S.K.: 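Provided herewith is a single structure, encoded as structure tokens, for subsequent inquiry.
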Amino acid sequence: MKFLYLFIFGTLALVLEPAAAFADQRMALVMGNSAYQRAPKLANATNDAGLLVETFKKAGFTVVEARNDLSAQDMRRTLRDFGAKARGADIAVIYYAGHGIEIDGNNYLVPVDAQLENDTDVYDETIGLDRVLVAIEPAKRLRLVILDACRDNPFAKNMKRTMASRAVARGLAKVEPSSPNTLVAFAAKAGLTALDGDGKNSPFATALAHHLATPGLDLRKAFGYVRDEVLQATTNRQEPFIYGSLGGDDVVLAPAAAIASPPAAPVGSGDASASRDYEFAERVGTVEAWDLYIAAHPSGFYTDLAKVQRNRLAAATARTPPVTVENEPKKVQTSPVVPSQPEAAKPMAPPKMAAAPATVVPLALSGAPAGETKSVAAAPASTCTTRTARRGNDAVGGPFIPVSIKPNVEGASVRTIAVSPNGREVATAGDDGVIRLWDAASFRLTRVLRGHTGAVYALDYWTDGRQLASAGWDGKVRVWDLGSDGRSLSFDAGAKQFAVAFAPEPSLKYLASAGEDGVVRIWNLVTRELAKSKLDHQSGDPARAAVRSLSYAPSGSGEFVSAGYDGKIRFYRTSGAVDAKDAYGRKALRVAYSPDGLRVVTAGSDAELGSAKVWDVRSGGSRLLAGHRDYVVSANWSTDSKRIVTGGGGRDKSVNLWDADSGRLLASFAGHQEDVEAVAFFPGGTRLISASEDKTIKVWDIAERRVLLTAIGFGDDGYVSYTPEGCYTGSNGIESRLSISSGSRFEPMSLEARKAMQEPAGFTSLLAR
């Protein structure tokens, strides 16, 4: 009888025990290192750690441990103790904010007492990422490490190298977790650095707090929202990245709230119907879609979630007014409402030229540019983007699966772009000395011009589009007659040439070029000889003598401006006077007159950073275009002189669009992997085109803020142009040189894939708008 009572009591206890007792055991360790003893204090690391502690508590974690300003010994002990507790966990998470460092492809977390005088000290004074992964390895369902440690690292600058071959890199190195169901989240892509933030918390920590604790939200989708928010908050300068993989089941950090007594669902709105409709509304992702869902399903759990999604989108829309850009030569229409700025931001200066550089406030973007392997959901309808493409035997038909193309060809870095005056042709050239002419409507390669024996750094069309000038490292300046079979007029400058420009006079007569020796030469195309030369950029330091860029005033007066490695720009006046301006502390890399002749834009680099600047031609006053986070390589104007496009280098490889009058940043595009050497407005003014050291040419849609296509030309006159969705056009036999991937790995292109993805008509419908 006693045994029976015990059995009954135990059974009742199990039945009556709270459901929470059966919930997953979720444990988090949060570490923040700010008070570094031998490096400047990190303002936000411990603040970020505190924010994540509250986030995990909000998510209902069973255990949340917080540790700040840890020495090496403290970090090892903390990881050991947490690893012991994690043996019984279903989900184990470690968040770290502080300094991190990469040595020879391995990542290390830096304690506050680290000295790191030599590169080998990392093995004794830091904590390897592998040790962190060991601490969470016993967890059953999910192992997650979040590293807000991609900041600029002061230790790497002063660290002595014991071996010249040992690499100490920026940011953190890419990782491949060996254990299943393991993710490592970086605040920024491998090899790049993250922002510490101007406010109390970093952009990454702020976004994590907004999304990780959302009830019922799958972790992969939560990190997708984090990525989008950080890109928007940093104007595309920082993109969080996730390494590792999970299975097909949803993984949530904060379980969906249970409803004890759900209200009766209306007729025709059962759970299956509500779930299906919720998925459709989520795919559309607009306020209107959520309103329709709520009207169809007035109550229920999914309705509560739909209201949350709807309110969040409505709030975001209210904060970020869209930018509308119309075809040239109409004015660019932008909302007069300026979104709220971080505490450190200053008010925008009045739109007038001033001697002192003005601070400008970048306009927040309503969305981030799509990458080449991202979803096609936002793509406009056209023959290319509506194609279906699948891998393997099921290559044709079925739902669309975005793919990425990798050309297995060796191109050359592209250094210059020129758009023909009639807008029908785009000319590019670069390190292989070959000039390539592309049809602007279909982006097919139509012609190749050969004659230079070195890299070509500059191109310029004459006003009728029938003559094209080029400047090469072989010391030659050539004028190509595009109506003939590649005939050209050649001048020998005797030094590497970086710049070339036709004088815009009523008849074709003069051509200017400049280069390594600091000499600006004016060539007479009628007499075919040197007319005059200017030596104003010569310097005692040969490395600072070169003239990198020059541009003629569009008035036909003969005035022009040059930019040199000495950091100066020089205006050559009709009176013969030369008006020199100290533009940059290091190098002035690009200069271009506005089509109305009132201003010039420059690009270059100072001692610490670089910038683009707009100069008043007569007064000499300048305005700073603030938005790039490293030196600026290229700049150009729209045909109506209302907008400017710039290209970044170094840590900043973005293409930025600016309002020329106010200096406001309108949009930023990320996708190039190396310096953006040349930028221009595509015909029609609704597109941008850029060329890079990464050997690619890209066309960007301004309104949709995404890349439309990428093109590569290579040695045997071959080429390929392809879209982010996986459609392509190219030279004969290009299929054998392409690999495709849907996210896992690249594979040779199958015959079925060729049929599904080839765009034999080019991209006329995609580029025509």
Side-chain angles (χ1 to χ4, degrees), residues 412 414-515 520-533 549-552 554 556 558 560 639 678 680 683 689 691 697 711 713 715-719 731:
V414 188
R415 305 291 179 178
T416 180
I417 294 171
V419 179
S420 67
N422 61 14
R424 297 176 183 174
E425 187 175 73
V426 176
T428 64
D431 285 358
D432 60 359
V434 176
I435 301 169
R436 294 177 172 84
L437 306 181
W438 306 79
D439 181 88
S442 63
F443 231 80
R444 286 177 170 272
L445 184 62
T446 59
R447 192 169 179 183
V448 171
L449 303 177
R450 300 179 186 274
H452 287 283
T453 57
V456 174
Y457 266 54
L459 297 170
D460 189 39
Y461 278 99
W462 171 241
T463 54
D464 65 1
R466 298 177 183 177
Q467 310 289 329
L468 179 69
S470 60
W473 277 28
D474 56 2
K476 298 293 193 297
V477 179
R478 293 182 179 272
V479 179
W480 305 84
D481 181 359
L482 300 182
S484 68
D485 296 329
R487 289 180 298 177
S488 66
L489 173 64
S490 178
F491 299 98
D492 189 357
K496 289 182 180 179
Q497 296 296 284
F498 294 131
V500 68
F502 283 110
E505 298 175 338
S507 60
L508 179 61
K509 186 175 182 180
Y510 292 111
L511 176 74
S513 73
V520 179
R521 294 174 172 85
I522 311 297
W523 306 94
N524 188 317
L525 301 177
V526 178
T527 63
R528 301 189 179 188
E529 60 186 17
L530 182 65
K532 64 179 73 174
S533 63
S549 177
L550 58 85
S551 176
Y552 267 104
F560 63 94
T639 57
I689 184 169
I697 306 157
D716 57 357
D717 297 350
Y719 79 98
S731 51

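All figures in this text were calculated on a predicted structure; none of them were measured in a lab.
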S.K.: On a heavy-atom basis, which atom in Thr416 and which in Ala458 lie closest, and how many Å separate them?
M.R.: OG1-CA, 3.7 Å
S.K.: Could you tell me whether the side chain of Arg415 reaches within less than 4.5 Å of the side chain of Asp431, counting heavy atoms only?
M.R.: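 Asp431 reaches Arg415 side chain to side chain.
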S.K.: Minimum heavy-atom separation for Trp523 to Ser513, with atom names?
M.R.: NE1-OG, 2.9 Å
S.K.: If you define the side chain from C-beta out and look only at heavy atoms, does anything of Trp462 sit under 4.5 Å from Leu468?
M.R.: no
S.K.: Give the minimum heavy-atom separation between Thr453 and Asp474, together with the two atoms involved.
M.R.: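 Answer, listing the atom of Thr453 first, then Asp474: N-OD2, 2.9 Å.
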S.K.: Within the structure provided, determine whether Pro683 and Val419 are in side-chain contact (heavy-atom separation under 4.5 Å).
M.R.: yes
S.K.: Do the side chains of Ile697 and Phe443 get nearer than 4.5 Å, heavy atoms only?
M.R.: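 The answer is yes, as the side chains (C-beta and beyond) meet within the 4.5 Å cut-off.
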S.K.: Does the side chain of Phe491 reach to within under 4.5 Å of the side chain of Arg521, using non-hydrogen atoms?
M.R.: no
S.K.: Under 3.5 Å, side chain of Gln467 to main-chain N/O of Gly465, donor-acceptor pair present?
M.R.: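 Answer holds: no.
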S.K.: Would you say the side chain of Trp480 lies within less than 4.5 Å of the side chain of Leu437, judging by non-hydrogen atoms?
M.R.: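 The answer is no, as the side chains (C-beta and beyond) never meet within the 4.5 Å cut-off.
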S.K.: Taking atom CZ of Arg444 and atom CG of Asp439, what is their separation to the nearest 0.5 Å?
M.R.: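 That separation rounds to 9.0 Å.
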S.K.: Ala418 and Tyr461: which non-hydrogen atoms are nearest, and at how many Å?
M.R.: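 Scanning both residues completely, I find the closest heavy atoms to be O-CE1, 3.5 Å.
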S.K.: Can you check whether Tyr719's main-chain N or O pairs, donor with acceptor, with Arg436's side chain at less than 3.5 Å?
M.R.: no
S.K.: Taking the side chain as every heavy atom from C-beta outward, state whether Trp438 and Thr446 have any atom pair closer than 4.5 Å.
M.R.: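 Answer no - side chains too far apart.
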S.K.: Name all residues meeting the salt bridge (Lys or Arg N to Asp or Glu O under 4.0 Å) criterion together with Asp717; count only those two or more places apart in sequence or in a different chain, and write none if there are none.
M.R.: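 Asp717 satisfies salt bridge (Lys or Arg N to Asp or Glu O under 4.0 Å) with Arg450 once adjacent residues are dropped.
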S.K.: Who passes side chain to side chain donor-acceptor pair (under 3.5 Å) against Asp481, sequence neighbours left out?
M.R.: none
S.K.: Applying salt bridge (Lys or Arg N to Asp or Glu O under 4.0 Å), name anything that partners Arg478, two or more places apart in sequence or on another chain.
M.R.: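 Salt bridge (Lys or Arg N to Asp or Glu O under 4.0 Å) check on Arg478 returns nothing, list empty.
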S.K.: Assess the residue pair Leu511 and Asp460 against the criterion (side-chain contact (heavy atoms from CB on, under 4.5 Å)); give the C-alpha distance rounded to whole Å, side-chain angles, the decisive distance to 0.1 Å, and a yes or no.
M.R.: CA-CA 10 Å; Leu511 176 74; Asp460 189 39; 5.6 Å; no
S.K.: Using the side-chain contact (heavy atoms from CB on, under 4.5 Å) rule, take Phe502 and Leu508 through it: C-alpha gap first, then chi angles, then the decisive distance, then the call.
M.R.: CA-CA 8 Å; Phe502 283 110; Leu508 179 61; 3.5 Å; yes
S.K.: Using side-chain heavy atoms (C-beta onward) and a distance below 4.5 Å, is Lys476 in contact with Asp492?
M.R.: yes
S.K.: Give a yes or no answer on whether the side chain of Ser420 reaches the backbone of Glu425 with a donor-acceptor pair at less than 3.5 Å.
M.R.: yes
S.K.: State whether the number of non-hydrogen atoms from other residues, nucleotides or ligands found under 6.0 Å of Arg466 atom CZ is greater than 12.
M.R.: no
S.K.: Between atom NE2 of His452 and atom CH2 of Trp473, what is the distance when rounded to the nearest 0.5 Å?
M.R.: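 Going from NE2 on His452 over to CH2 on Trp473, the span is 13.5 Å.
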